[in-house]
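Here is the structure we will look at, set down as structure tokens.
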There are 2 protein chains.
Amino acid sequence: MLTNSRLVHQPHDHSRCINAALASANNLCAEKNARLTATRESVLRLLWQSHQPLGAYQLQDRLSKLLNKPVAPATIYRAVDFLLQLGLIHRIASLNAYIGCPFPNSEHSNLFMICTDCGSTAEVAHNTINDLLQSISDKAHFTLKSQSLELFGLCPQCSADTEESSNG
Amino acid sequence: MLTNSRLVHQPHDHSRCINAALASANNLCAEKNARLTATRESVLRLLWQSHQPLGAYQLQDRLSKLLNKPVAPATIYRAVDFLLQLGLIHRIASLNAYIGCPFPNSEHSNLFMICTDCGSTAEVAHNTINDLLQSISDKAHFTLKSQSLELFGLCPQCSADTEESSNG
DNA sequence: TTTATTAATGTTATATTATAACGTATCATT
DNA sequence: AATGATACGTTATAATATAACATTAATAAA
């Protein structure tokens, strides 16, 4: 099992995450002959700077502030589509929001643990889940192409807080 | 494993499904002291009549035609919210659409197999998946409350069609 | 059976998310 | 430099969802 759960839910040197993600993005783009333009890189950076999934219009606000000029929705959606194509980010359907992918090079589950309290979201890559879903699909004669797996609940921190307040 | 995959993907006496769903809805409402009003029942019926998930504005069109009068979005969203609350329908986040739940009384996975070709959508209830997701959550100290699991691919019929056309 | 209370609906307006269409600029190759 | 492909700017609008408040209907209480 591969997960960024601990990183997401605990304090850490976040600038390292961001730098690692951008370096990895640069590699991937070079490899695929794709252009990580200024706009695209900024959107990716904004997603990584956030500890939560961001919606298109949140990205619009932030990019607009960053560039100190108006930014249109199309600009955001185009950047986001590009990053989605390359697997550098994911869309979280239930939130209409986007988040950086912590392991863009590996086959993985698109499995997210979303805290309904604080909004923090961790991704988990888990082969057993993938295998199980594949076998369920096979049995049903369903040709599986992709998947969106979203879990809702309380992250470790918010779970602990709830526990505490109910005890004390 | 509990699934309506075969029913969804193969010809059958669909009026029976609809009647069964409505009967089950009536029971549930009686039990919970909830009112299955005319609007709510119509929306549920429309969802069951469709072989695919329907969006709010598709429901608006259909209800409007059924009643032969204008229907506002709020009417649809209110009915849909009610039915969601009772577990009589599900929302499919990736499609912004709604679908009748074939087993509203049982604990289940909210796992959907969505055909990207014809749109037909089957629900699967699978304890192993639930257990696995619960154990993953436990390991991550994530307090799991609910889940949305959406699989995209080709239904048996469309898989077969693709196979055929590639062969011949 | 009136009255009070709650639940559901009607209606209008508007917020939020996403895309279309078309012109302009930038980049890569010749 | 000319060309073609890719990316971006800009404006408008489509699609999805909610807010707010008036009205009606159903239930409960007096």
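Each chain gets a letter, A, B and so on, in the order the sequences are listed, and its residues count up from 1.
As a whole-Å value, the separation of B:Lys69 NZ from C:dT9 P is 10 Å. If you measure from atom CD1 of B:Ile76 to atom C1' of D:dA17, you get 13 Å, rounded to the nearest angstrom. Note: CG (B:Asn33) to P (D:dT27) measures 9 Å, nearest angstrom. In this structure, A:Leu84 atom CG and C:dA18 atom P are separated by 11 Å, rounded to whole Å. One can place CG of A:Leu95 at 16 Å from C1' of D:dT16, the figure rounded to the nearest angstrom. The distance between atom CD1 of A:Ile92 and atom P of C:dT17, rounded to the nearest whole Å, is 14 Å. Atom CG in B:Asp61 sits about 11 Å away from atom P in D:dT16, given to the nearest Å. A straight line from CD of A:Gln60 to P of D:dC8 spans 16 Å, rounded to a whole angstrom.
Mapped onto DNA chain D by nearest heavy atom, B:Gly55 and A:Phe82 fall at different nucleotides, with A:Phe82 at the one closer to the 5' end. Residue A:Pro73 is the one, among A:Pro73 and A:Asn96, whose nearest nucleotide of DNA chain D lies closer to the 5' end (criterion: closest heavy atom).
Here B:Arg40 lies in heavy-atom contact (under 4.0 Å) with sugar-phosphate atoms only. Using a 4.0 Å heavy-atom distance criterion, B:Arg35 is classed as a sugar-phosphate-only contact.
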Would you be so kind as to tabulate the donor-acceptor pairs closer than 3.5 Å made by side chains of residues 122-140 of chain A, with sequence neighbours excluded?
unit_1: A:Glu123; atom_1: OE1; unit_2: A:His90; atom_2: NE2; d: 3.4
unit_1: A:Glu123; atom_1: OE2; unit_2: A:His90; atom_2: NE2; d: 3.1
unit_1: A:Glu123; atom_1: OE2; unit_2: A:His108; atom_2: NE2; d: 3.1
unit_1: A:His126; atom_1: ND1; unit_2: A:Thr128; atom_2: N; d: 3.4
unit_1: A:His126; atom_1: ND1; unit_2: A:Ile129; atom_2: N; d: 3.4
unit_1: A:Asn130; atom_1: OD1; unit_2: A:Ser109; atom_2: OG; d: 3.2
unit_1: A:Asn130; atom_1: OD1; unit_2: A:Gln147; atom_2: NE2; d: 2.9
unit_1: A:Asn130; atom_1: ND2; unit_2: A:Ser109; atom_2: OG; d: 3.4
unit_1: A:Gln134; atom_1: NE2; unit_2: A:Asp138; atom_2: OD1; d: 3.0
unit_1: A:Ser135; atom_1: OG; unit_2: A:Leu132; atom_2: O; d: 3.3
unit_1: A:Ser137; atom_1: OG; unit_2: A:Leu133; atom_2: O; d: 2.9

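The only member of B:Leu36, B:Leu83, B:Leu46 that meets side-chain contact (heavy atoms from CB on, under 4.5 Å) when paired with B:Glu41 is B:Leu36.
Ring pair B:Tyr77/B:Tyr98 is perpendicular by interplanar angle, where above 60° counts as perpendicular and below 30° as parallel.
Distance from the side chain of B:Ala72 is smallest to C:dT11 among C:dT11, D:dT11, D:dA17. You'll find that the side chain of B:Ala74 is closest to C:dT11, out of D:dT16, D:dG9, C:dT11. The side chain of A:Arg78 lies closest to C:dC22, out of C:dC22, D:dA19, C:dG10.
No aromatic stack links A:Tyr57 and the base of C:dT16, using centre distance under 5.5 Å and interplanar angle under 30°. The aromatic ring of A:Tyr77 does not stack onto the base of C:dT19, failing the criterion of a centre distance under 5.5 Å from the six-membered base ring together with planes under 30° apart.
Rotation axes derived from the C1' atoms of the five outermost pairs at either end of the helix from C:dT1-D:dA30 to C:dT30-D:dA1 lie 30° apart, to the nearest 10°.
One finds no side-chain N or O of A:Thr39 lying less than 4.0 angstrom from the OP1 or OP2 phosphate oxygen of D:dA7. One finds a side-chain N or O of A:Thr37 lying less than 4.0 angstrom from the OP1 or OP2 phosphate oxygen of D:dC8.
The backbone N or O of A:Ala20 sits nowhere less than 3.5 Å from a side-chain atom of A:Ser24 that would complete a donor-acceptor pair. In this structure, the side chain of B:Thr121 does not engage the main chain of B:Pro53 through any donor-acceptor pair within 3.5 Å. A donor-acceptor pair is defined here as one N or O able to donate and one able to accept, closer than 3.5 Å; no such pair exists between the side chain of B:Arg40 and the backbone of B:Phe82. Looking only at distances, a side-chain donor or acceptor of B:Gln52 sits under 3.5 Å from a matching main-chain atom of B:Cys118.
With 3.5 Å as the limit, one finds a donor-acceptor pair spanning the side chains of B:Glu150 and B:Ser148.
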